[in-house]
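Notes follow once the structure below has been shown.
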There are 2 protein chains.
Amino acid sequence: MPDQGPEMEIVHLLRAVTVELGAHSGRFAQRNGMHPTDVRALVVLMDAARAGEAMTAGRLGGALGLNSAGTTALVDRLERAGHVRRVRDERDRRRVTVEVDERAVALGWSHFGPLIGRAVELLRGYDERELAAIRDFLAGVREAAEGDTGEPGHNGSG
Amino acid sequence: MPDQGPEMEIVHLLRAVTVELGAHSGRFAQRNGMHPTDVRALVVLMDAARAGEAMTAGRLGGALGLNSAGTTALVDRLERAGHVRRVRDERDRRRVTVEVDERAVALGWSHFGPLIGRAVELLRGYDERELAAIRDFLAGVREAAEGDTGEPGHNGSG
DNA sequence: GGTAGTATCTCGCCCAGCGAGATACTTGTC
DNA sequence: GACAAGTATCTCGCTGGGCGAGATACTACC
């Protein structure tokens with residue numbers, strides 16, 4: 001399966017970026033005595049916070065692909081480390097909303113901030129058409145990865 | 001930390017792509033009764049094969065950040081599943097080269113092929129300047145992620 | 001107030017990965 | 001050839017993340 005043209009270079013580049021980004025957040029995890037899953041959880045929680053949504057234990061576990069037992073253990077770890085707080089939902093007392101601690105947010109920004117800043121800086125060097133190309137390509141790949149379940153002969157039409 | 005402009009949209013998009021690509025290969029793992037690490041190992045092995053290099057157990061473990069015990073267990077799993085073969089290096093009989101089985105390669109292509117094909121298809125829709133922008137941006141992010149260890153105030157000089 | 005439904009937690013287990021040390025082989029010296 | 005030092009892989013015992021099953025606490029509907 002030899003190189004099929006200049007396109008494959010970019011495909012491999014994208015994969016390399018994925019690997020490197022994973023390694024980057026892995027270093028954050030290791031440096032703070034956390035498991036990769038814990039970092040993913042914090043990211044999900046911060047996303048929700050940024051969107052102004054409350055995140056329950058169940059939704060967090062769902063987003064990470066964990067079952068309820070694993071989710072409980074995860075929130076236990078994060079709480080023990082002081083990164084999150086469990087807060088009983090007063091409207092529905094079965095629910096537990098998980099809130100990120102300010103210090104965890106600051107910790108995250110101190111690690112990922114420079115990388116994000118660099119990416120923004122890079123992007124400022126492009127004009128509108130170039131930005132559109134980057135945006136469209138990434139959106140296209142995301143859709144392809146979401147949609148393509150990798151199951152041959154299984155198509156979602158209907 | 002509100003949106004800092006159109007650049008942040010792309011940064012979040014890139015992160016979403018990373019997440020989605022991880023989930024995609026996770027589905028491949030689960031569907032074939034493999035661990036995510038096993039998939040990463042196959043990718044490393046196929047990369048080496050494509051580059052025409054032999055991959056020893058030690059180098060494989062190193063690439064994945066595993067110690068020797070974990071590497072042995074990993075190769076055991078892959079071998080038991082028939083995805084790789086252990087081959088004693090005849091020049092240096094301490095070494096074990098790990099060879100990917102043809103069927104594992106075919107299995108991998110049947111899952112990742114469509115996604116790669118779609119990405120190539122997307123890329124064919126751009127002109128030279130747009131392609132250069134995508135390539136440069138990805139290369140820049142990769143470098144930033146490699147270089148930025150996330151350790152504030154820790155620089156290599158003196 | 002009772003029953004069904006839902007969100008989270010507890011318990012027991014499996015297995016990926018680690019640290020330490022054993023084993024098998026190569027290289028260099030005599 | 002025998003011996004010592006160095007290197008690649010494997011074995012052993014253990015830790016801990018995640019799962020399945022079931023318990024628990026609460027809400028919703030009648």
Side-chain angles (χ1 to χ4, degrees), chain A residues 22-23 25-45 48 53-81 83-99, chain B residues 22-23 25-45 48 53-81 83-99:
Chain A
S25 92
R27 283 193 293 273
F28 175 71
Q30 196 153 23
R31 191 162 298 151
N32 294 288
M34 298 166 74
H35 196 266
T37 299
D38 302 2
V39 180
R40 289 172 56 212
L42 286 182
V43 169
V44 170
L45 289 168
E53 295 175 9
M55 192 50 126
T56 66
R59 289 215 311 143
L60 175 61
L64 298 174
L66 299 181
N67 74 358
S68 65
T71 303
T72 297
L74 166 70
V75 179
D76 281 353
R77 286 199 302 276
L78 291 173
E79 195 172 40
R80 207 178 311 128
H83 297 314
V84 305
R85 290 179 299 275
R86 271 184 171 91
V87 180
R88 275 280 165 199
D89 187 329
E90 283 307 320
R91 290 195 237 286
D92 184 342
R93 291 187 48 75
R94 289 169 302 183
R95 289 187 180 176
V96 168
T97 52
V98 183
E99 293 178 1
Chain B
S25 93
R27 281 194 294 274
F28 174 70
Q30 195 153 24
R31 190 162 298 149
N32 294 287
M34 298 166 73
H35 197 267
T37 299
D38 302 3
V39 180
R40 288 173 55 212
L42 286 182
V43 169
V44 170
L45 288 168
E53 295 174 7
M55 193 50 128
T56 66
R59 289 215 311 144
L60 175 61
L64 299 174
L66 299 180
N67 73 0
S68 64
T71 303
T72 297
L74 166 71
V75 178
D76 280 352
R77 286 199 303 276
L78 290 173
E79 194 172 39
R80 208 178 311 128
H83 297 314
V84 306
R85 289 180 299 275
R86 271 185 170 93
V87 180
R88 276 280 165 200
D89 186 330
E90 283 308 319
R91 292 195 235 286
D92 184 342
R93 291 186 50 76
R94 290 170 303 182
R95 289 187 180 176
V96 168
T97 52
V98 182
E99 292 179 2

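First the proteins, then the strands, lettered A, B, ... as listed; each starts at 1. Below, each value reflects all heavy atoms present in this structure, side chains not excepted, and no hydrogens, waters or symmetry copies.
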So OG1 of A/Thr71 and CG of A/Leu60: to nearest 0.5 Å the spacing works out to 6.5 Å
Phosphate oxygens OP1/OP2 of C/dT8: is one of them under 4.0 Å from a side-chain N or O of A/Thr71? no
Residues in residues 59-69 of chain B with a heavy atom under 4.0 Å of DNA chain D, by number, are B/Ser68, B/Ala69
dist A/Thr97:OG1 -> A/Glu90:CD (nearest 0.5 Å) comes out at 9.5 Å
Rounded to whole Å, NE2 of A/His35 lies from P of D/dT15 at a distance of 17 Å
| task | For D/dA8, take OP1 and OP2 only and decide whether either is under 4.0 Å from a side-chain N or O of B/Thr56. | result | no
Rounded to whole Å, the CZ-P distance (A/Arg77 to D/dT15) equals 17 Å
Here the distance between atom P of C/dT8 and atom CG of A/Leu74, to the nearest Å, is 13 Å
Distance col, row A/Thr72:OG1 vs A/Asn67:CG, nearest 0.5 angstrom, shows 8.5 Å
Contact string for nucleotides 25-30 of chain D, one letter per nucleotide 5' to 3', B = base within protein heavy-atom range under 4.0 Å, S = sugar-phosphate only, - = neither, reads -BS---
Of D/dG18, D/dA8, C/dT8, the nucleotide closest to the side chain of B/Arg95 is D/dA8
Rounded to whole Å, CG of A/Asp89 lies from P of C/dC9 at a distance of 13 Å
Value for CG (B/Leu66) from CG (B/Leu74), rounded to nearest 0.5 Å, stands at 6.0 Å
To the nearest 0.5 Å, atom CZ of B/Arg40 lies from atom CG of B/Leu64 at 5.0 Å
Between CG of A/Asp76 and P of C/dT8 the distance, given in whole Å, is 13 Å
(message) Whether B/Arg94 and B/Asp92 form a salt bridge (side-chain N of Lys/Arg under 4.0 Å from carboxylate O of Asp/Glu) is what I want to check.
(response) yes
Original post:
With distance as the sole test, does A/Arg88 use its side chain to make a donor-acceptor pair with the main-chain N or O of A/Arg93 at under 3.5 Å?
Top reply: yes
Check: For atom CD of A/Glu79, is the number of surrounding heavy atoms from other residues, nucleotides or ligands below 6.0 Å larger than 12?
Finding: yes
For residues 61-77 of chain A, the salt bridge (Lys or Arg N to Asp or Glu O under 4.0 Å) pairs (sequence neighbours left out) are A/Asp38-A/Arg77, A/Asp76-A/Arg86
